Amino acid sequence: MKKVVIGSGSAFWGDIFEPALEMAQSGEVQYMGFDHLAELTMAILNRMKAKNPEAGYIPDIIPWTKRLLPVTQKNGIKMITNAGGANPVQAALEVAKVIKELNLAPMKLGVVSGDDILPYINDIRAQGWKFKNLDTGEEDIDSIADRIAAANAYIGADNIIKELKNGADMIICGRVSDNALYVGPIMHEFGWDFSDQYIDRIAAAVTVGHIIECSACVSGGMSNMWKVSERPWDIGFPIAEFYENGDALITKTSGSGGIVNSWTVKEHLLYEIIDPANYLMPDGIGDFTALKLHDEARNRVMVTEMKGKKRPDTLKVCIGFKDGFIGEGLIYFPSPDALAKAQWAEKWLRERFKKLGINFRELRIDYMGVNMLHGEAAEVEDRDYNEIGLRIAGRTHTYKEAEAVRREATHLWTMGPVGSSFGVPMNVRPVIALWPSLVPRDAVKIESQLMEVS
Amino acid sequence: MKKVKLTELAFARSGDKGDVSNIGLMAKSKNIYEFLLTVITPERLKEYFGGMVKGPAEIYPVPHLDSLEIILRQALGGGATCSLRFDQTGKSMGPVLLGMQVLVSEELLEEARAVDESIKKQYGV
């Protein structure tokens with residue numbers, strides 16, 4: 001049966017590089033997907049582009065393509081990435097420079113853009129679309145309209161498929177959904193369109209995309225299997241062999257470390273989703289309650305009976321808006337009396353904040369080593385801890401107040417109980433809050449082009 | 001019957017979707033999955049996490065995977081980008097849940113231990 005072999009090369013901006021290179025060197029895949037965009041990343045990239053019109057893409061694309069392209073060219077692997085971020089055209093121009101600089105063979109670069117709806121968001125609003133907040137239920141985006149820093153739709157595989165059909169050797173996208181980086185090549189290879197006959201098989205592609213799109217997270221990273229993961233420092237990124245009937249085999253680069261078994265696949269199927277029967281993606285809806293997993297061999301898991309529903313008429317849109325500042329501090333106290341010292345310091349800080357009249361939107365003080373992660377579920381023992389950290393974080397409306405929070409925490413270095421230990425002070429950071437919403441699919445002006453580099 | 005922490009019976013991994021903390025709770029066997037369905041309730045989850053979870057708790061059963069998808073709303077301080085939590089994306093919520101105590105039969109506990117042993121044996125640990 002015909003199959004498409006596709007691997008994951010990156011899950012976020014800053015992911016580990018060697019497993020991607022090793023996968024390319026293995027020659028075991030036809031396509032590699034590279035996701036670099038988290039929810040906040042688009043706001044950061046937009047800010048970079050505002051300062052410099054030739055920025056706004058993920059800068060790693062230059063060093064990464066320098067090392068990857070000679071290998072992927074040799075092994076006939078097509079890379080599909082959303083490292084274009086807020087400026088996919090410029091990212092493609094940078095890759096073109098790499099191709100020329102390294103005297104590589106001519107390449108056709110597909111460039112997919114148009115996910116940025118900020119330039120015309122008001123036109124969509126004028127037509128009566130209110131951009132209801134999916135998290136809070138707020139009906140109208142009006143309250144934050146003057147503070148929007150980014151508004152990007154999570155677009156699907158349509159134009160990835162189009163440019164692959166046009167002969168692209170690599171595709172560079174903006175805010176294409178992570179998932180579409182995998183669904184695109186699968187649909188292209190099998191010649192599927194979005195008509196009803198392919199609904200379940202596209203849902204299978206959506207499901208498989210979900211399984212592998214977070215790179216090492218399904219091959220031993222963040223895993224309950226951490227104790228039995230083999231040579232985790234040589235971790236291999238995941239590979240899916242996707243069959244035309246909609247079944248898939250999940251594995252990883254041959255000879256690599258890490259672990260793939262039905263537990264790691266299960267962990268990832270359930271990861272960062274809401275309703276497992278309705279995993280909504282721009283290209284289809286995966287139903288994870290129908291599928292079956294089978295450990296076929298070591299590091300090889302078969303996924304069968306995947307199904308789902310037709311793609312939705314709306315696209316998710318992530319709107320980032322400026323929403324105050326965060327000031328933080330961190331200080332550690334040694335025994336004897338570590339807990340009592342930390343409690344003394346908390347009292348000192350709260351009194352200082354009162355004296356300065358800081359108007360907090362929120363203030364949080366955690367005892368590191370005691371309850372920072374466990375919160376109210378912590379079992380706090382009455383004993384002399386070796387050491388306890390106090391973490392102070394305050395969110396304020398103004399930069400000035402956040403800076404005062406940070407500063408007060410540093411004063412504890414000299415005002416606190418004996419032995420108070422401090423590291424490097426942290427900087428105040430601006431908050432870009434997110435307003436998740438939907439936008440009608442038809443309202444998003446997706447575009448793409450083919451850039452020939454010789 | 002024996003009082004044990006959930007970690008004896010299940011695996012868990014958590015992450016974020018905005019202000020939602022989601023936890024995949026994976027039972028070590030089909031029987032344990034059936035048992036977890038009866039003891040892990042939205043009320044029990046709300047009580048366990050206390051003020052950490054400001055919104056409702058929801059449970060989606062995934063029978064083929066012997067798993068529960070647990071959704072805790074308004075649980076991450078407004079979401080990763082504005083959260084004052086050190087663990088902005090709620091990666092620790094799953095393991096924290098595994099600290100919950102439940103009263104379980106010796107038979108189910110044996111089943112769970114057999115799974116732990118078989119994993120260790122399979123990977124030569």
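All chains are named by letter (A, B, ...) in the order of the sequence lines, taking the proteins before the strands, and each is independently numbered beginning at 1. No experiment lies behind these values; they were computed from the predicted model shown.
Here the straight-line distance linking atom CG of Leu270(A) with atom OG of Ser14(B) works out to 11.5 Å at 0.5 Å rounding. Rounding to the nearest 0.5 angstrom, the gap separating the NE2 atom in His374(A) from the OG atom in Ser92(B) is 7.5 Å. Of the inter-residue distances, the one linking Cys82(B) atom SG with Arg361(A) atom CZ reads 8.0 Å to the nearest 0.5 angstrom. The distance from the CZ atom of Arg395(A) to the CG atom of Leu84(B) is 7.0 Å, given to the nearest 0.5 Å. Here the OG1 atom belonging to Thr81(B) is positioned 8.0 Å from the CD atom belonging to Glu39(A), to the nearest 0.5 angstrom.
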Residues Glu69(B), Tyr271(A); criterion side chain to side chain contact (heavy atoms under 4.5 Å, CB included); working and verdict
CA-CA 9 Å; Glu69(B) 184 72 54; Tyr271(A) 182 65; over 6 Å; no
Quick one, Leu291(A) with His64(B), criterion side chain to side chain contact (heavy atoms under 4.5 Å, CB included). Give me CA distance, side-chain angles, the key distance, then yes/no.
CA-CA 7 Å; Leu291(A) 60 83; His64(B) 285 181; over 6 Å; no
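Contact record, Arg73(B) with Ile274(A): NH2-CG2, 3.9 Å, taken as the closest heavy-atom pair. Between Lys266(A) and Ser67(B), the closest heavy-atom pair is CD-OG, 3.7 Å.
For Ala80(B), no part lies under 4.5 angstrom from a heavy atom of chain A. The contact between Ile326(A) and chain B is made entirely by side chain atoms (from C-beta outward), counting heavy-atom distances below 4.5 Å. With a 4.5 angstrom heavy-atom cutoff, Met222(A) touches chain B via backbone and side-chain atoms both. For chain B, no part of Cys214(A) is nearby; none of its heavy atoms comes within less than 4.5 Å. Heavy-atom distances place no part of Glu305(A) under 4.5 Å from chain B, backbone and side chain included. Using a 4.5 Å cut-off between heavy atoms, Ile432(A) touches chain B through its backbone atoms (N, CA, C, O) alone. Interface remark: Asp135(A) contributes side-chain atoms only to the contact with chain B (heavy atom separation under 4.5 Å). For Ala277(A), no part lies under 4.5 angstrom from a heavy atom of chain B. With a threshold of 4.5 angstrom between heavy atoms, Ile259(A) approaches chain B through side-chain atoms but not through N, CA, C or O.
Interface remark: of the candidates Leu25(B), Leu97(B), Asp87(B), Ile119(B), Ile119(B) forms the most heavy-atom pairs closer than 4.5 Å to chain A. When the candidates Ser229(A), Ala290(A), Gly324(A) are compared by the number of heavy-atom contacts under 4.5 Å with chain B, Ala290(A) comes out ahead. Note on Ala38(A), Ala433(A), Ala43(A), Pro276(A): by heavy-atom pairs under 4.5 Å with chain B, the leading option is Pro276(A). Each of Val62(B), Val20(B), Ile71(B) has some count of heavy-atom pairs under 4.5 Å with chain A, and the biggest count is that of Ile71(B). By number of non-hydrogen pairs under 4.5 angstrom with chain A, the leading residue of Lys120(B), Arg85(B), Gln74(B) is Arg85(B). Of all the listed residues (Glu376(A), Glu272(A), His268(A)), the one sharing the greatest number of non-hydrogen pairs under 4.5 Å with chain B is Glu272(A). Contact count against chain B (heavy-atom pairs under 4.5 Å) is highest for Met372(A) among Glu379(A), Met372(A), Arg429(A).
Leu293(A) is listed as a side-chain neighbour of Leu65(B), based on a closest heavy-atom distance under 4.5 Å. With a 4.5 Å cut-off on side-chain heavy atoms, Tyr60(B) and Ile273(A) do not count as touching. In this structure the side chain of Met26(B) reaches within 4.5 angstrom of the side chain of Asn224(A), judged on heavy atoms. Glu230(A) has its side chain out of reach of Val125(B): every pair of non-hydrogen atoms, C-beta onward, lies at least 4.5 Å apart.
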Without placing hydrogens or testing angles, list every side-chain donor-acceptor pair under 3.5 Å for residues 106-115 of chain B, not counting sequence neighbours.
{"unit_1": "Glu111(B)", "atom_1": "OE1", "unit_2": "Ser29(B)", "atom_2": "OG", "d": "2.6"}
{"unit_1": "Glu111(B)", "atom_1": "OE2", "unit_2": "Asn31(B)", "atom_2": "ND2", "d": "2.8"}

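Counting heavy atoms of neighbouring residues, nucleotides and ligands inside a 6.0 Å radius, atom CZ of Phe86(B) does not exceed 12 of them. Annotation for Lys91(B): atom NZ counts as buried by contact number, over 12 foreign heavy atoms lying within 6.0 Å.
Residues from residues 45-57 of chain B that place a non-hydrogen atom less than 4.5 Å from a non-hydrogen atom of chain A comprise Tyr48(B), Phe49(B), Gly50(B), Gly51(B), Met52(B), given in numerical order.
Identified under the ring pair (Phe, Tyr, Trp, His ring centres under 6.0 Å) test for residues 11-47 of chain B, with sequence neighbours left out: Trp263(A)-Phe11(B). Within the structure, the salt bridge (charged side-chain N to carboxylate O under 4.0 Å, His left out) test picks out the following pairs touching residues 13-35 of chain B (sequence neighbours left out): Glu267(A)-Arg13(B), Lys28(B)-Asp116(B), Lys30(B)-Asp66(B).
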